[in-house]
Every structure is written in structure tokens, then in C-alpha cells.
Student: 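Sharing a structure with you now.
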Protein chains: 4
Amino acid sequence: MNFASDNTAGIAPEILQALVSGNDGFALGYGNDDVTREVERRIGEIFEHDVAIFLVPTGTAANALALAHVSPPWGAVFAHSEAHILTDECGAPEFFGGGLKLVGMPGVGCKIAPETLASTISHYLGHTPHQVVPAAFSCAQASEAGTIYRPGEIVALTKIAHAHGMKVHMDGARFTNALVRMNASPADVTWKAGVDVLSFGATKGGALAAEAVVFFDRAEARNMAERRKRAGHLLSKHRFLSLQFKSFLADDCWLRLARHANAMADRLASGLAAAGRPPVWPVEANLVFIVLPRAVETHLKTAGARYYVRNSESLPDQSVLGPDQCLIRLVASFATREEEVDHFVRLVAKT
Amino acid sequence: MNFASDNTAGIAPEILQALVSGNDGFALGYGNDDVTREVERRIGEIFEHDVAIFLVPTGTAANALALAHVSPPWGAVFAHSEAHILTDECGAPEFFGGGLKLVGMPGVGCKIAPETLASTISHYLGHTPHQVVPAAFSCAQASEAGTIYRPGEIVALTKIAHAHGMKVHMDGARFTNALVRMNASPADVTWKAGVDVLSFGATKGGALAAEAVVFFDRAEARNMAERRKRAGHLLSKHRFLSLQFKSFLADDCWLRLARHANAMADRLASGLAAAGRPPVWPVEANLVFIVLPRAVETHLKTAGARYYVRNSESLPDQSVLGPDQCLIRLVASFATREEEVDHFVRLVAKT
Amino acid sequence: MNFASDNTAGIAPEILQALVSGNDGFALGYGNDDVTREVERRIGEIFEHDVAIFLVPTGTAANALALAHVSPPWGAVFAHSEAHILTDECGAPEFFGGGLKLVGMPGVGCKIAPETLASTISHYLGHTPHQVVPAAFSCAQASEAGTIYRPGEIVALTKIAHAHGMKVHMDGARFTNALVRMNASPADVTWKAGVDVLSFGATKGGALAAEAVVFFDRAEARNMAERRKRAGHLLSKHRFLSLQFKSFLADDCWLRLARHANAMADRLASGLAAAGRPPVWPVEANLVFIVLPRAVETHLKTAGARYYVRNSESLPDQSVLGPDQCLIRLVASFATREEEVDHFVRLVAKT
Amino acid sequence: MNFASDNTAGIAPEILQALVSGNDGFALGYGNDDVTREVERRIGEIFEHDVAIFLVPTGTAANALALAHVSPPWGAVFAHSEAHILTDECGAPEFFGGGLKLVGMPGVGCKIAPETLASTISHYLGHTPHQVVPAAFSCAQASEAGTIYRPGEIVALTKIAHAHGMKVHMDGARFTNALVRMNASPADVTWKAGVDVLSFGATKGGALAAEAVVFFDRAEARNMAERRKRAGHLLSKHRFLSLQFKSFLADDCWLRLARHANAMADRLASGLAAAGRPPVWPVEANLVFIVLPRAVETHLKTAGARYYVRNSESLPDQSVLGPDQCLIRLVASFATREEEVDHFVRLVAKT
């Protein structure tokens with residue numbers, strides 16, 4: 001019953017197999033190999049657009065490199081107050097970005113409403129040069145609450161950002177989980193909707209450690225190779241990063257793995273709802289959040305369930321936590337099995 | 001005949017197997033797993049000292065994180081002019097170190113003589129606060145020329161550094177190659193000789209991507225966890241970094257792999273010497289440098305040999321390159337086979 | 001009727017005279033002169049404590065240098081959301097601090113309540129190493145709203161900060177204005193109350209451009225000389241910085257100038273209150289904020305009054321701005337004359 | 001007999017008078033005043049070109065802000081090994097530039113020969129992305145040795161730099177001293193010769209603390225206002241910076257002061273040459289370097305002469321220092337008097 005995170009799982013079999021099969025022989029290091037070129041082509045194909053990609057081993061690196069590349073040191077990057085880049089990266093965007101400023105915004109379910117973005121930006125206009133300059137908007141797809149932005153919602157946000165000359169970054173650590181939930185193509189929810197640069201995650205989806213920074217305008221990627229290198233994120237045996245992506249993206253593997261994770265989240269959600277513990281936010285990706293009495297929570301932990309207790313100021317209005325309650329986050333992954341889900345649901349139901 | 005680099009090889013079978021075997025089940029991310037703790041213990045055992053370790057995926061990250069941790073932004077880090085940190089990391093130490101300054105020093109065979117270190121440091125004293133402050137000395141073991149520092153040589157250098165309140169960093173991307181050549185223990189060539197922090201490399205030795213920053217004084221590692229995290233170098237599925245190190249260090253695997261690489265370098269060196277192309281520097285690790293007429297070099301490339309042509313200002317006095325000559329670097333790895341070596345030597349001999 | 005800022009005034013006569021008188025002859029540059037040493041002694045005397053001081057030309061420099069010195073790059077610095085360091089320094093603390101994070105907190109009248117500080121810090125504990133680390137608390141004395149912290153209030157805050165191993169910085173751009181309002185000594189409101197480092201401003205008080213970073217523990221100032229130098233803030237003709245401070249601090253000049261500024265603010269406040277426009281916050285330093293109908297505001301501008309319209313989320317609960325209202329800030333300085341004040345009050349009264 | 005530096009002098013009377021006269025009344029802060037606009041126009045007039053200017057209080061700030069603006073963090077900035085930016089700014093360019101790399105080059109008399117620049121740049125090509133990228137060339141005019149670049153020499157260097165897409169910065173802390181020595185206009189030795197950005201110094205020339213970063217292409221100055229602000233270098237009472245420049249540039253004051261300083265250097269040089277101590281480099285600005293026996297040097301110090309003993313590796317071949325010799329630097333300023341010069345020359349002659 002391990003629902004702690006999608007990164008507590010191991011490597012998906014298809015990807016592990018690719019590492020094994022691709023291990024023979026010699027290959028030039030630092031991305032000068034055929035597999036890397038193939039992955040770039042493949043990602044371009046998937047997004048139906050010419051792209052420049054930069055593979056790195058962590059999501060924090062992908063996010064921080066991307067943000068530093070689209071914001072000057074005196075830039076403001078607007079994102080949800082509970083976004084991973086604000087709360088879980090120990091200041092990586094500020095470090096990579098030479099001291100840029102992250103500006104947190106509120107929003108139910110960790111999603112930003114267009115009017116919130118517009119009004120927050122407005123506080124950063126007209127006080128030149130005393131204030132940082134609006135440079136980028138970053139949204140997480142799926143969000144940290146497991147909610148997703150539909151194409152129209154993304155368009156509404158990116159239009160505001162672009163109107164102020166800002167760039168748009170999408171933190172897609174769980175991009176595939178969001179994608180497979182929608183009747184939309186990868187292109188529809190990224191560049192066609194105004195996204196300039198995407199952190200396209202494979203790690204949580206089943207890879208060992210592989211994320212791609214995807215630029216939809218090759219010109220904007222200029223010197224990103226140097227930026228990645230000086231951050232220590234250019235792997236010497238780079239082919240193994242590429243092999244992970246190649247196998248992840250082959251034969252719909254990425255979509256299949258994400259659909260499974262989402263299905264397990266759905267199963268959790270419906271089971272828990274039936275047990276009187278409905279999710280606090282719509283379950284749109286592979287995350288389920290429920291409110292529990294603390295006593296129940298203790299009982300679950302004791303029974304061997306693994307998950308994190310979280311704080312959030314993004315709860316819907318009707319879901320304020322009582323003093324004896326807590327919010328728990330349950331994450332399903334490609335490796336989550338139905339039995340675990342059912343076992344957990346039964347445990348909760350019995351309390 | 002691939003002698004381009006030790007990172008053109010794949011993953012050593014023992015290490016790949018460990019990734020496969022260790023893939024089952026769930027494990028907490030970010031290093032909060034049992035294998036990681038085991039690796040820390042094991043590295044302490046090998047070095048006969050309490051250590052704090054930080055695993056990262058690249059050597060550039062290991063070096064830059066280590067240097068930033070022992071030098072303030074206004075610090076000077078002294079190293080050989082042709083050290084990897086100066087020439088091949090695109091300014092990573094300067095970036096991680098908030099703008100610290102690398103000071104290059106000359107030295108035959110990419111080794112620093114004690115008197116060179118002492119006199120260079122002396123130029124950075126007495127002009128406070130207009131000049132950067134001597135903060136660290138960094139030496140590569142083995143060096144970029146494939147030479148090694150004997151314990152006594154290290155002691156002579158670290159004494160000078162410590163006398164000025166400086167810390168000593170060792171870039172051990174090829175630490176094991178140096179170690180197995182000497183009649184000395186890991187402790188003898190590190191902390192017992194005055195080394196404060198070591199970049200202990202496994203990647204070139206046979207791992208996928210795994211390096212350890214090893215602090216011999218746990219107190220000096222304070223907040224290194226935050227530094228690594230905000231650099232994007234804390235892997236979420238961290239156990240796979242640890243599994244690489246665990247298997248690398250099990251059953252003398254690391255020593256065996258390095259001995260093989262060194263033996264192949266020796267075989268190259270003696271064959272080439274017999275063919276009238278002796279190495280320009282003593283072959284003490286897994287690197288062989290020879291001088292060739294450009295025409296010969298072209299011929300070898302055409303015949304399928306892979307290696308890099310290099311420049312160096314660290315040649316012995318008698319080895320000045322003529323206008324029609326070039327210096328080539330041949331690197332042996334755990335994966336280099338005798339047949340390749342012999343084939344290459346025959347090719348050279350025939351020219 | 002210039003109430004735009006205390007920096008729209010020129011140089012106080014006493015200070016200008018000191019520049020003229022001190023101009024003769026030669027003096028070693030970079031602070032190696034007698035006047036500089038004298039100023040350090042004098043500041044120590046005023047604060048009844050051994051101090052290390054660093055003179056710089058701007059308040060932004062003083063604040064950013066001080067904060068960077070007490071916080072590591074992965075540190076969180078807690079301050080009021082409308083503090084100058086968050087809103088008016090274009091990211092200087094983040095730049096100087098290698099990407100440190102400023103955490104804004106709410107508080108009526110731009111003051112932080114102890115419970116707000118405690119609860120905000122608590123959100124930055126226990127999630128190591130994913131989150132930045134509580135490093136410093138910064139309070140402005142007087143605050144941006146013109147309110148002041150009494151000694152007991154400072155103690156309550158600094159105790160919380162110190163209990164978490166944090167340092168305390170005081171932004172004293174208007175330190176003297178706060179000081180003269182209280183029945184307390186400079187020591188009482190700084191180190192005796194737990195302040196570790198003070199930005200002690202003279203510019204707004206009447207100098208040309210002179211601020212002092214004052215460390216109350218000399219050991220904590222280690223290498224601040226290098227930090228200031230590499231920030232370009234070590235003036236070569238440093239004696240002219242020192243002459244400003246020397247004359248500012250001689251013969252109670254600083255106190256007299258601040259008392260005048262405060263008295264003019266009081267006169268404004270009482271006049272405006274009598275005219276039905278009472279200050280929104282207690283007038284404790286040299287700033288007066290009132291709410292005006294927009295039409296009135298336009299009229300005042302036309303009549304030649306100079307001031308800034310501000311936004312604030314720190315208004316007392318009863319003072320919410322209506323859609324046709326605005327908040328204006330009036331700043332008095334050593335150069336403000338009674339006639340101007342009275343003229344302005346009459347203008348307002350007539351509307 | 002103070003020849004320690006041109007910054008040991010005070011403020012030139014014309015400039016001090018301007019501070020006094022300009023002190024009346026109120027003026028908007030931060031450069032939004034009339035004098036500042038006037039100075040920008042005046043500098044444009046002097047250089048016969050549209051310019052964007054940024055006034056700051058120190059030369060280190062001017063240099064570091066300029067270099068950071070024309071080089072990315074992964075850029076290499078090429079300059080003479082003994083340039084002020086390499087040896088006397090405690091890493092300011094690296095700090096402001098996010099860890100950019102300064103590459104030192106040799107050259108007699110602290111001047112760079114075109115072939116040296118070309119060959120040094122060539123070592124930074126073709127090793128992407130492992131190496132920093134050639135971004136800028138910086139030359140000092142006058143140089144740290146007191147030598148100057150003639151227009152043709154500047155053209156030869158800037159052509160090489162521009163051919164590699166690099167920008168050219170000129171450190172003009174002693175720009176006027178160089179200018180008045182040549183039969184050339186300010187335009188001839190800057191933008192017409194290929195200089196992109198100039199640190200135009202007034203401090204050493206007679207100001208209190210005033211330097212201008214001058215961009216000859218306004219587009220390249222974009223966001224420099226934010227960069228200056230976040231470095232703490234935007235003075236609030238900015239008019240006093242502008243008043244210094246206004247008076248410095250009025251009525252040929254700047255040229256007159258520099259001509260005097262140069263004349264005093266010439267007088268020193270000819271007197272010392274007559275006394276058997278000829279300058280080691282041509283005296284082209286206001287600096288004179290001579291070689292003295294250490295015993296003589298001690299005698300001069302004792303007799304009250306003030307100057308610095310320097311090291312240099314830029315001596316002409318015939319001028320190697322013997323073990324009992326030292327190199328001393330004598331700096332003349334607007335405040336140097338003939339009597340002092342003659343007194344010093346007599347002292348030397350007598351030894």
C-alpha cells in the first residue's frame with residue numbers, strides 16, 4: 001500500500017529492458033549519439049512541431065533550467081503558491097535564474113484563474129526599475145493537487161502572459177497523466193495553447209531518471225546547451241537518458257503507463273467516496289486527496305499504508321479542515337496494483 | 001578501436017545487473033532508502049573514516065558542488081590550467097560558487113609542483129579586500145594527463161594549502177585508476193594525505209551515471225543536502241544511484257574494472273613505444289598520450305580509430321610539438337579489449 | 001509642497017559643510033583614512049557596543065549586503081510583504097544572496113506580529129532538503145507605513161527568530177526617525193533587543209548618499225569587506241562617505257534633523273485630522289498616510305502638491321478603500337518647512 | 001608627495017562647487033531629475049552619438065555592470081592579465097555576471113596585441129558546450145601601466161572581437177587622461193573604433209564618486225536600469241551624481257584636469273629620467289612606473305613619499321627586475337603640484 005509518491009516505484013519493465021538492450025558497444029558521450037537524435041525527432045513528431053530538447057535527470061533541473069532560460073535575473077515568475085517550484089525545489093529556480101523572483105498566487109485545486117494572473121501581474125507594472133519585471137508564468141500540468149488545465153484554460157492564461165511579453169512554462173512532471181485524461185493532442189495542450197517551454201517528465205511515469213526540457217521555438221533554446229552543461233546536467237553517458245525516453249515513447253508505452261496510474265487513482269477515488277471519504281478535488285490525474293480524522297490517519301499508518309500528510313490553502317471553500325482532521329495525499333503510479341488499492345479502501349471503510 | 005573516452009563505454013555488467021535486481025518493490029525517494037544508507041557505510045569502511053556522502057549523476061556536478069561548498073564567492077580555487085574544472089565544465093564551479101575565481105597554474109603532466117602552488121598563492125595575499133581570497137586547492141587524481149600524485153606529493157601540496165587556511169578538493173573522476181596503481185590505501189591518498197573533500201567517480205569506471213561527493217569531516221558537509229537539492233542533483237528515485245555505487249564497490253568490482261582499464265592502457269603504451277611512439281607522459285592510469293605526424297593521425301581516423309586530438313602546454317620540455325605533429329589522447333576503459341588495443345598498435349606500427 | 005520622499009531633499013547644511021571642509025589634502029582611499037576609523041568608533045559609542053561597520057552609498061546596498069551575509073543561498077528571509085526589500089529593490093537581496101528567498105508576511109501598519117512570524121516560520125520546518133531554510137528575519141524601523149516597533153515588540157520577534165537559529169536584520173533607512181520618538185537608547189532598540197545587523201541610514205536623514213551596515217558581533221562581519229568590494233560598494237574616495245557620517249552624528253545633528261522631520265509629520269497629521277482626513281496608521285516617524293477621494297487627490301496634484309499614491313494591504317480593518325478613494329503617502333524631511341505643511345493642510349481642508 | 005593613487009586626492013573645486021550650488025530645493029530621486037537628463041544629452045554631444053548612460057558611484061560597479069550586461073553567465077571575457085577587472089575588483093565581474101569567466105592575456109605595458117587576442121579566442125572555439133563562450137573583450141584606456149591604445153590599435157582589436165560576435169568594453173577609469181594625449185575625438189577612440197560600452201570615469205579625474213556606463217547602442221542597454229537597481233547602484237539623491245558629471249564636463253573642466261595630471265606625470269618622468277631612473281613604459285597618461293633599488297625605495301618612503309610598490313609581468317624584455325630592485329608606481333592627479341613633483345625628483349636624484 002505505497003501511495004507516498006509516483007517516485008517510490010521502480011523502473012517500468014519496458015524502460016529497464018531498453019537500458020539492458022542498449023548497453024552494448026560504444027557511443028559518443030554528451031548526447032552526440034544516434035539515440036539522442038532519434039528521441040529529439042520522436043518528441044517533435046509527438047508534438048507535431050519542430051522542437052529543441054534537453055534531457056536531464058531530474059524535474060527540478062528541468063524546471064529551473066527552463067525558467068532561468070526564459071527569465072532574466074530581474075524577472076518575476078508567476079506560479080501557484082503551492083507549485084513544486086515554490087515549495088519543493090529549495091530555491092532552484094532562484095539559483096539557476098541568478099536571483100529571479102517567484103511570485104506565488106492563490107487558486108483552488110492548485111490552479112490559477114486568469115483573473116488572478118492578470119491582477120497579480122498588474123502589481124508588477126509601472127514601478128520601474130524598483131520592481132522585478134514580469135517575465136514568465138509557470139503552470140503545472142497536472143497540478144500538485146492532481147487537477148488539470150483544459151486547453152481553453154491554458155489559452156486564457158497564456159494570452160494574458162503573452163500580452164505582457166512574458167513566456168509560459170509548463171511543469172509537466174505528470175504531463176502524461178494530464179494528457180491521457182483529455183480528448184486533446186500533445187500539441188493542443190502545449191504550443192497550440194501558448195506554452196513556450198515544457199518540462200516533460202518521464203521519471204514519475206516510469207523512467208529511472210529522465211526529464212526533457214522541450215522548447216517549441218528552437219531560437220529560444222539558444223545556449224541552453226551551455227546552461228545545462230554548467231549546471232552539471234549534461235550526462236556523459238547520455239545515451240542512457242535517451243534510451244529511457246526512447247522506450248518511454250515507443251509503442252504508446254508512456255500513455256499506457258499513465259492510463260494505468262490514472263485508473264488506479266480513479267479506483268481509489270471511487271472506493272473512498274463510497275466509503276464516505278470523497279476526494280477534495282476532482283481526480284483528474286493520478287493523485288487523490290482526502291480529508292481524514294487524525295485518529296483514522298494514525299490507524300492507516302499503523303496498518304502499513306504509506307502516503308504523505310499535506311497542508312494546503314487551496315481547498316474548496318466547503319472543505320475547511322477541522323482541528324482533528326488532516327489532508328492526505330495518495331499517489332498512484334504505473335506500479336500500483338488493484339489489490340493494494342482495494343486493500344486500502346477496505347481499511348478506510350472499516351474505520 | 002574506441003579510445004575516445006572512458007565514458008563511451010556502456011555500463012559494467014555487474015552494475016547493470018544491480019539495477020535490474022534492485023528494481024522490485026517501492027522505496028522512499030530522495031535517498032531515504034536502505035541502499036543509500038548502506039553505501040554511505042560502505043564508503044566510510046573503504047576510506048576507514050566517518051564520511052558524509054552525496055551521490056550525484058555527473059562529475060561536473062560533484063566537482064562544482066564540492067568546490068562551492070569549500071569556497072566562498074570571493075574565494076580563489078587553485079588548480080592546474082588544464083584541469084577539467086577549468087577547461088571542460090563551462091564555468092560550473094563559478095556558477096555553483098556564486099562567482100568564485102579559478103586560478104590556473106602550470107605544471108608538467110598536468111601535475112602541480114608544491115613550489116608552484118606556494119608561489120601562486122602568494123600573489124593572492126596582502127591586497128585585501130581588492131583581491132579574491134585563497135580558499136581551496138583542487139587536484140585531479142588521476143590527472144587529465146593520466147599521471148598520478150603519490151601520497152607524499154599530495155601531503156606536500158595539502159600542507160601548503162592548509163597553512164593558508166585553504167581546503168583541499170580532489171577530483172577523482174578516475175580515482176580508482178590512480179588508486180590501483182599505487183601501493184596505498186584509499187585513506188592514504190585522501191584524508192590521511194590532507195584531502196578534505198573528494199569527487200569519487202564511478203561513471204568512467206563502469207557506472208551509468210554516479211559520482212559521490214565525499215566529505216571526510218561531516219561538519220563541513222553541513223547544508224550540502226540543500227545545496228545539492230537546489231542544484232537539481234537530488235535524484236527522486238535515488239536508490240538507483242545507490243545501487244550503482246553498491247555494486248561498484250562490492251566484491252572489489254571497482255578495483256577489478258580499474259585494473260583492467262589500466263592494463264589496457266599499459267598494453268597500448270608498451271605497444272606504441274615498441275612502434276616508436278612512446279607516451280609523452282608516464283602512463284599511470286588509463287590514459288595514453290602520444291605525438292603523431294598529422295598524416296599518420298589522419299590515416300588512423302580513416303581506419304576507424306576513435307580518440308581525441310588534444311592541445312597541451314604541459315608537455316615535458318623535450319616534447320615540443322612540431323608544426324606537422326599532433327597530440328592524441330587514448331583512453332582505455334573497463335570495456336576495452338586486448339584485440340582492439342593490438343589492432344590499433346599494429347595500425348600505428350605500420351605507418 | 002514636496003512630500004514625495006525624504007530623498008527629494010538635498011543635503012543638510014551641516015553635512016554639506018563637512019564635505020567642503022574635509023576636501024583638503026590627500027587621504028588614503030578605500031576606507032584606510034582617519035575619518036573612517038573615527039566614524040567606526042563613534043558608532044560604537046552611540047550603540048554602546050563594539051561594532052564592525054561598512055559604509056555604502058545606498059540603502060538597497062546596505063540591506064542586500066547585510067542579508068546576504070546572514071543568510072546562505074538556500075536561506076529564507078522573513079519580512080513584511082510590503083517591506084522595501086521585497087517591493088522596491090528589484091531583487092537585490094536575491095541577487096546578493098545567491099538566490100535566497102524572501103518570504104512575505106502580512107501585518108497591519110507594515111508591522112509583523114510575533115504570532116505571524118512564528119507560524120510562517122513553522123511552514124519552513126521539517127521538509128529538509130526540499131525547502132529553503134529559515135535564516136533571517138528582517139524588520140524595518142521605522143516601517144514603510146511610518147509605524148515603529150517598541151523595544152518589547154522587537155524582543156518578542158527576535159526571540160522567535162533566535163530560537164530557530166535565525167539572525168535578525170533591521171532596515172533602518174529611517175532608524176533615527178524611529179529612535180527619537182521613543183524613550184529608548186540606540187542600544188535598547190538594537191542589540192539589546194536582539195538585532196544582529198542594522199542598516200543604519202543617513203541618506204534620508206540628510207546625507208548625500210551614506211548608509212552604514214552595522215554588525216553588533218564583529219565575528220559575523222568576517223569577509224564582509226570582500227563582499228562589499230565585489231559588489232562595487234567600496235568607494236575609492238571613501239573619506240567622503242565617512243565625512244557624511246561624522247557630521248551627521250556630531251553634536252546631535254542626526255537627532256535634531258529627525259526630530260524636525262517627525263515634527264513636520266505630526267503637524268501634517270494633526271492638521272489633516274482636523275480637516276477630517278486622519279492618518280490611517282499612527283504617525284510615529286516622518287510618514288503620514290491618508291485616504292482621499294480621487295477627485296480631491298487630483299485637485300491637490302494640480303495645485304502643485306507632490307507625493308505618491310500607494311497601494312497597501314496593511315490597512316486597519318476599518319479603513320478599506322472605496323472604489324473612488326486612494327491612499328496617499330506624505331513624507332516629511334529635515335528640509336520640510338512649516339509653511340509648506342500648513343499650505344497643504346489648508347488645501348486639503350478646503351476640498 | 002602623495003603619488004599613491006589619483007583617488008587619494010579630494011574633489012576638484014569646480015565639482016565641489018556644483019554640489020554646493022545644486023543643493024537647493026527638491027528634486028525627484030532615482031535619476032528622474034533635470035540635471036540627469038542634461039548629463040545624458042551632454043555625454044551624447046561629447047561622443048557625437050546617441051547614448052544611454054547609467055551613473056554609478058564606483059568604477060568597479062561600472063565595469064562589472066557593463067560586463068555582466070554584454071556577457072551571459074557562460075561567457076568568457078578576455079582582458080589583460082593585470083587588468084583592474086582581474087586583479088582589483090575581488091571578483092565583481094564574476095559576481096555581477098552570474099559566474100562568467102575572465103580570461104587573462106599577456107601583453108607588454110598592459111596592452112593586448114591583436115594576435116594575442118586572436119589566438120586566445122581560438123582556444124575557446126569548437127569545444128561546445130564544454131567550454132565557456134567568447135562574449136566580450138575588455139581593454140583599459142588608459143591601461144593599468146599608463147599606456148594608451150591609439151585609434152588604429154583599438155580598431156584592430158575590436159574587429160577581431162566583433163568577427164567572433166563578441167562585444168567590446170572599455171574600462172575608462174582614466175579615459176580622459178588617455179583622450180587628451182591623443183589627437184583624436186571621444187568618438188574616434190570609442191564607437192568609431194568599435195567600442196560598444198564604456199566605463200567613463202570621473203572619480204579619478206576629480207569627482208567625489210561618479211562613473212558613467214555609456215552604451216553607444218541604446219538597444220543594448222535594455223534592462224540595464226533593473227540591473228543597476230538590483231545591484232544597489234541607483235542612488236536615491238541621484239542629482240548629486242549628475243551634478244558631478246555636469247560640472248566635470250562643463251567648460252572643458254574634465255580635459256583641463258586631465259591635462260594637468262598628465263603634465264605632472266610628464267614632469268615626473270622627465271625629471272626621473274634625468275636622474276637616471278627612466279620610466280619602464282612610455283608615460284602616456286598620468287602614471288609613471290620606475291625601477292628602483294630596494295634601498296632607495298625605503299629611503300623615499302622614510303622621506304615621506306607615498307606610492308605603491310607593484311608587481312608586473314608586463315615589463316619590456318630589457319627591464320627584468322633584479323632581486324634587489326622593485327617597481328614603483330607614481331600617480332599624478334588634478335591635485336598634484338609641481339613642487340611635490342620637483343621635491344620627489346630631487347629626492348630620487350640624490351640617492
Side-chain angles (χ1 to χ4, degrees), chain C residues 2 4-13 16-17 19-20 22-30 33 56-65 88-96 173 203-204 207-209 225-241 306 333 335, chain D residues 2 4-13 16-17 19-20 22-30 33 56-65 88-96 98 203-204 207-209 225-241 306 333 335:
Chain C
N2 196 307
S5 178
D6 22 18
N7 58 39
T8 58
I11 310 170
L16 184 57
Q17 182 52 46
L19 294 179
V20 173
N23 189 42
D24 286 339
F26 295 89
L28 277 182
Y30 305 112
D33 62 288
V56 293
T58 72
T60 293
N63 288 337
L65 287 167
D88 280 273
E89 302 188 352
C90 201
E94 290 93 336
F95 167 47
F96 282 68
T203 311
K204 284 172 161 51
L208 191 168
E226 278 82 10
R227 191 184 287 282
R228 176 177 57 170
K229 172 67 194 181
R230 74 197 259 102
H233 283 292
L234 176 58
L235 261 60
S236 59
K237 297 183 179 176
H238 188 277
R239 61 167 145 164
F240 294 107
L241 266 185
R306 292 291 168 264
S333 75
Chain D
N2 196 305
S5 177
D6 21 19
N7 58 39
T8 58
I11 310 170
L16 184 56
Q17 182 53 45
L19 293 179
V20 173
N23 190 41
D24 286 339
F26 296 88
L28 277 182
Y30 305 113
D33 62 287
V56 293
T58 72
T60 294
N63 288 338
L65 287 168
D88 280 274
E89 302 188 351
C90 201
E94 290 93 337
F95 168 47
F96 282 69
T203 311
K204 284 172 162 51
L208 190 168
E226 278 81 10
R227 190 184 287 283
R228 176 178 56 171
K229 173 67 194 180
R230 73 196 260 100
H233 283 292
L234 176 58
L235 261 60
S236 59
K237 296 183 179 174
H238 188 277
R239 62 167 144 163
F240 295 107
L241 266 185
R306 291 293 167 265
S333 76

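Chain identifiers are assigned alphabetically (A, B, ...) following the order of the sequence lines, protein sequences preceding nucleic acid strands; residue numbering begins at 1 within each chain. Everything numeric here is computed off the predicted structure, so don't read it as measured data. Hydrogens, waters and symmetry mates are skipped; everything else that's a heavy atom, side chains included, is used.
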Student: Work out which heavy atom in D:T8 is nearest to a heavy atom in C:G29; give both atom names and the distance.
Tutor: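 So the minimum-distance heavy-atom pair works out to CG2-N, 4.3 Å.
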Student: Non-hydrogen atoms of chain C under 4.5 Å away: do they reach the side chain of D:A231, the backbone, both or neither?
Tutor: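 Interface part for D:A231: both.
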Student: Taking the inter-plane angle between the rings of C:F95 and D:F95 on a 0 to 90° scale, is it parallel (under 30°), tilted (30 to 60°) or perpendicular (over 60°)?
Tutor: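 Rings of C:F95 and D:F95: parallel, as their planes differ by under 30°.
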Student: Answer with side chain, backbone, both or neither: which region of C:R306 has an atom nearer than 4.5 Å to a non-hydrogen atom of chain D?
Tutor: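 Nothing of C:R306, per the 4.5 Å heavy-atom cut-off to chain D.
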Student: Please determine, among D:A61, D:S236, D:A9, the option with the most heavy-atom pairs under 4.5 Å with chain C.
Tutor: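 The residue among D:A61, D:S236, D:A9 with the greatest pair count is D:A9.
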Student: In Å, rounded to the nearest 0.5 Å, how long is the span from CG of D:L235 to OG1 of C:T60?
Tutor: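 If I round to the nearest 0.5 Å, the distance is 10.0 Å.
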Student: Select, from C:E94, C:K204, C:H233, the one with the greatest count of heavy-atom pairs under 4.5 Å involving chain D.
Tutor: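 Option with the top pair count is C:H233.
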Student: Answer with side chain, backbone, both or neither: which region of C:A62 has an atom nearer than 4.5 Å to a non-hydrogen atom of chain D?
Tutor: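 C:A62 has no heavy atom closer than 4.5 Å to chain D.
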Student: Atom CD1 in C:I11, atom NZ in D:K237: separation rounded to 0.5 Å?
Tutor: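 Going from the CD1 atom of C:I11 to the NZ atom of D:K237 covers 7.0 Å.
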Student: Just verifying a value: how many Å separate D:H238 NE2 and C:T58 OG1, rounded to the nearest 0.5 Å?
Tutor: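 Going from the NE2 atom of D:H238 to the OG1 atom of C:T58 covers 12.0 Å.
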Student: Count the heavy-atom pairs under 4.5 Å between each of D:D24, D:L28, D:V20 and chain C, then report the option with the highest count.
Tutor: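 Looking at each option in turn, the highest pair count goes to D:V20.
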Student: First locate atom CG of D:N23, then atom CG of C:L208, and finally report the distance between them rounded to the nearest 0.5 Å.
Tutor: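 Rounded to the nearest 0.5 Å, the CG-CG separation comes to 8.0 Å.
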Student: Go through the atoms of C:L234 and report whether side chain, backbone, both or neither lie under 4.5 Å from a heavy atom of chain D.
Tutor: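 Backbone only.
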Student: With sequence neighbours left out, write down each residue that passes ring-ring contact (aromatic ring centres under 6.0 Å, His included) with D:F240, or none if nothing qualifies.
Tutor: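 For D:F240 there are no ring-ring contact (aromatic ring centres under 6.0 Å, His included) partners, ignoring immediate neighbours.
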Student: Measuring heavy-atom distances to chain D, does C:S5 have an atom under 4.5 Å in its side chain, in its backbone, in both, or in neither?
Tutor: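 No part of C:S5 comes within 4.5 Å of chain D.
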Student: What's the spacing between C:D88 CG and D:K229 NZ if we round to 0.5 Å?
Tutor: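 Here the interatomic distance stands at 6.5 Å.
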Student: Test D:C90 against every option in C:R227, C:R228, C:R230 by the side chain to side chain contact (heavy atoms under 4.5 Å, CB included) rule and name the one that passes.
Tutor: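 So the option named by the test is C:R230.
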Student: How close do C:S333 and D:F26 get, counting heavy atoms only, and between which atoms?
Tutor: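 Looks like OG-CE2, 4.4 Å.
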